[in-house]
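A quick write-up on the structure given underneath.
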2 protein chains.
Amino acid sequence: MDLVFKALADAGRRQLLDALRERNGQTLSELCDELSELTRQGVTKHLRLLEEAGLVVTMRRGRHKYHYLNPVPINEIAERWISNYEKDKLRALSALKAALEEES
Amino acid sequence: MDLVFKALADAGRRQLLDALRERNGQTLSELCDELSELTRQGVTKHLRLLEEAGLVVTMRRGRHKYHYLNPVPINEIAERWISNYEKDKLRALSALKAALEEES
DNA sequence: ACCATAGGCAACCAAAAGGTTGCCTGTCAA
DNA sequence: TTGACAGGCAACCTTTTGGTTGCCTATGGT
């Protein structure tokens, strides 16, 4: 799960995920067009991290490499991690509020 | 939102959040006990990032500094970002499956 | 057969992250 | 009032990260 969090920490990588969510199965070159501020190698590196985190699955076909979004890891973070915080949200908020009021 | 993602990218910081979720309003020294593998300064630095991301709110009271969890930013990520991926989950999964099958 | 296209590999570089040590300040309690 | 306790500041160091450039390989079209 650590790899997923780390992968999500970069805005460029999140942008890549968004691009794939918008249109799945894009090639490297196509993704490079969307992140025009980076060189191809830069994009490649980001994609490798995303792949290592399991967020993207790739398929080489002839001279093209297609990238597919895998939504499962994000889903797991939502379920296994974030939901714990949702659960305690109200309790934490009221504790926070109480602490801030006491500060006066 | 970028700060929140970056803050969540480190396992030590997530551990600090967990500690506060477990017991809210802990002092720096108490939190240091839970992350015994780090020095106090190390913990302080992590807490500063968490605070800058809005995930933790602090209150100095005499010679103690109390730390409170703020669940709102995590909630926002869940709602504004992750939910987009949940929405497209089935579609992305079937695209992925189709691509993998075609590979044979 | 050839050349343009799509991508990979490796070295390199600068900046940021993670962590430490040493010392200083403020606060409470005996 | 003096000492122990809680925390802050700043310098420093090492590793990781984000990015680049240069060159090499493989594939497909004409």
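Convention: sequence-line order gives letters A, B, ...; per-chain numbering from 1.
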Does any residue of residues 23-35 of chain B have a heavy atom under 4.0 Å from DNA chain C, and if so, which ones, in number order? none
Atom pair distance, as rounded to whole Å: CZ in B:Arg14 and P in C:dG18: 11 Å
Under 3.5 Å, is there a donor-acceptor pair between the side chain of B:Gln15 and the main chain of B:Leu35? no
Who are the ring pair (Phe, Tyr, Trp, His ring centres under 6.0 Å) partners of B:Phe5, not counting sequence neighbours? B:Trp81
What is the distance from OH of A:Tyr66 to C1' of C:dG7, rounded to the nearest Å? 13 Å
Whole angstroms only, please: what is the NE2-C1' distance between B:His64 and D:dC5? 8 Å
Would you mind writing out the side-chain donor-acceptor pairs for residues 42-50 of chain B within the sub-3.5 Å range, not counting sequence neighbours?
from: B:Thr44; atom 1: OG1; to: B:Arg40; atom 2: O; distance (Å): 2.9
from: B:His46; atom 1: ND1; to: B:Arg13; atom 2: NH1; distance (Å): 3.1

Whole-Å distance between D:dG7 P and B:Arg60 CZ? 7 Å
Find the distance B:Met59:CE to D:dG8:P and express it as a whole number of Å. 14 Å
N/O donor-acceptor pair under 3.5 Å between A:Glu52 side chain and A:Leu3 backbone: no
For residues 84-94 of chain A, dump all side-chain donor-acceptor pairs below 3.5 Å to protein atoms at least two apart in sequence or in another chain.
from: A:Asn84; atom 1: OD1; to: A:Lys87; atom 2: NZ; distance (Å): 3.2
from: A:Asn84; atom 1: ND2; to: A:Arg80; atom 2: O; distance (Å): 3.1
from: A:Tyr85; atom 1: OH; to: B:Asp18; atom 2: N; distance (Å): 3.3
from: A:Tyr85; atom 1: OH; to: B:Asp18; atom 2: OD1; distance (Å): 2.7
from: A:Glu86; atom 1: OE1; to: B:Asn75; atom 2: ND2; distance (Å): 3.3
from: A:Glu86; atom 1: OE2; to: B:Asn75; atom 2: ND2; distance (Å): 2.8
from: A:Asp88; atom 1: OD1; to: A:Arg91; atom 2: NH2; distance (Å): 3.4
from: A:Lys89; atom 1: NZ; to: B:Asn75; atom 2: OD1; distance (Å): 3.1
from: A:Ser94; atom 1: OG; to: A:Leu90; atom 2: O; distance (Å): 3.4
from: A:Ser94; atom 1: OG; to: A:Arg91; atom 2: O; distance (Å): 3.0

Contact pattern, 5' to 3', of nucleotides 12-22 of chain D - B, S or - by protein heavy atom under 4.0 Å: -----SSBBBB
Tell me the side chain to side chain donor-acceptor pair (under 3.5 Å) pairs involving residues 64-73 of chain B, sequence neighbours left out? none
Using a strict cut-off of less than 4.0 Å between a Lys/Arg side-chain nitrogen and an Asp/Glu carboxylate oxygen, indicate whether A:Asp2 and B:Arg14 qualify as a salt bridge. yes
In whole angstroms, how far is the P atom of C:dA17 from the CD atom of B:Glu52? 10 Å
Between C1' on D:dG8 and NE2 on B:His67, what's the gap in Å once rounded to a whole number? 12 Å
Starting from P on D:dC24, measure out to CZ on A:Arg63 and report it in whole angstrom. 20 Å
Min side-chain heavy-atom separation B:Leu55-B:Leu8 under 4.5 Å: yes
Polar side-chain atom of A:Glu30 near backbone of A:Thr27 as donor-acceptor pair, under 3.5 Å: yes
